[in-house]
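Just so it is clear, the values below take in all heavy atoms, side chains as well, and ignore hydrogens, waters and symmetry mates. Each ligand, and each atom within it, is numbered from 1 in the order the structure gives. For reference, positions follow the sequence shown, starting with 1.
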Amino acid sequence: MKVLVTGHTGYIGAVLVPRLRDAGHEVVGLDTDFFAGCDFRAGLDDVPALRTDLREVDQNALVGFDAVIHLAALSNDPLGDLNTDCTYDINHRASVRLARLAKAAGVPRFLFSSSCSLYGVAAGDGLLAEDAAFNPVTAYGASKVRVEQDVAPLADSTFSPTFLRNATAYGVSPRLRADLVVNNLVGFAYTTGEVLIASDGTPWRPLVHIEDISRAFLAVLEAPRDLVHNEAFNVGRTTENYQIRDIADMVRDVVPGSRIKYAPGGGPDPRCYRVACDKISQRLPEFKPQWTVRRGIEQLYAAFKEHGLTAEEFLSTRYLRLKQIKKLQAAELLDDTLRWVAPAR
Ligand SMILES: NC(=O)c1ccc[n+]([C@@H]2O[C@H](COP(=O)([O-])OP(=O)(O)OC[C@H]3O[C@@H](n4cnc5c(N)ncnc54)[C@H](O)[C@@H]3O)[C@@H](O)[C@H]2O)c1
């Protein structure tokens, strides 16, 4: 299939693109390149790409694709809170516009990278399946709810959207991120000797490796249409829900000499939920997740050791999205709406 992947040079995209190509798909990317040069290691696939802002995409650019995999977004709560109107503009309005343009251009499949953060504060402590209530606590989470609600009505015999609600990601990517909980705890443990917990350690999180997220996108892409048409899937494994303190214990066990430390003032985190991921495995048996958090911690530790990661590098603009965006704004390369200032490009 000929597939357009937006956000293809981000943390997930950098791992997803080679997997799609290995499976024989033709990939074209689309990214505004906020994180150009923010590399942990070489390995970013060189695919034909549109270097453009999602908000400016033209319908003609979408003609001829069999599917759009839509990853591009301001991707996490702190970045989403920087300018909430901009977050809704990119994550919500531009995403819905992209879906409409794709449909008008005759693209039959639209795979949206949604998030389990749309469940937000869960009532009770049961496992949340796809029919659970939305309860987002951040602009980022709310933007995912709005896209799902506005794109679902576009579904018809010519257009099949699918909503992949990814759990919190972890794992090694050419475009690493330091602000995701597993990556963060391993990075702190390796570079400072302390497994630094920002909350009181009690919140629950569903976790998934970025290679398993990529497997899920591939399985949905290749599935018969009627199995995925206008469906939402939690992406992860039901057995991979953890409290933060359990992750910290595993990190301490893997990273020699490290010890657990609670950051002063860390209370309970309102973002607390556990999800059931049985639907995707039952509906799409080709989707076979391979990773556990324990193995992911080992992968990250080995990669950080091989790289010789320092605390300074780990907490730099290279791996922290918010810092990188603020740096580009301070240098007047990006304006307040996160558009490139033309002459500088
Ligand atoms: N990482 C996670 O834990 C996680 C979990 C659930 C869902 N998701 C979703 O998966 C997707 C990818 O996440 P990620 O972790 O790879 O994020 P990322 O920040 O690493 O990558 C996002 C990419 O999108 C691009 N982008 C942002 N705004 C753009 C715009 N206006 N126009 C064009 N390109 C733009 C960025 O340049 C970047 O390369 C996002 O939609 C995110 O919400 C991520």
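By the 4.0 Å N-to-carboxylate-O rule, Arg21 lies too far from Glu26 to be salt-bridged with it. Checked for salt-bridge contact, Asp89 and Arg55 meet the test: a charged N lies under 4.0 Å from a carboxylate O. The residues Asp39 and Arg175 are annotated as salt-bridged, a charged nitrogen and a carboxylate oxygen being separated by less than 4.0 angstrom.
By the 30° and 60° cut-offs, the orientation of the rings of Tyr319 relative to Phe40 is perpendicular. Classification of the Trp340-Phe34 ring pair by plane angle, with boundaries at 30° and 60°, yields tilted.
Ligand 1 lies under 4.0 Å from heavy atoms of Gly7, Thr9, Gly10, Tyr11, Ile12, Asp31, Thr32, Asp33, Phe34, Phe35, Thr52, Asp53, Leu54, Leu71, Ala72, Ala73, Ser75, Ile90, Ser113, Ser114, Ser115, Tyr140, Lys144, Asn166, Ala167, Thr168, Ala169, Arg177, Leu180, Arg321.
Residues Arg165 and Ser114 have side chains that never bring a donor and an acceptor to within less than 3.5 angstrom of each other.
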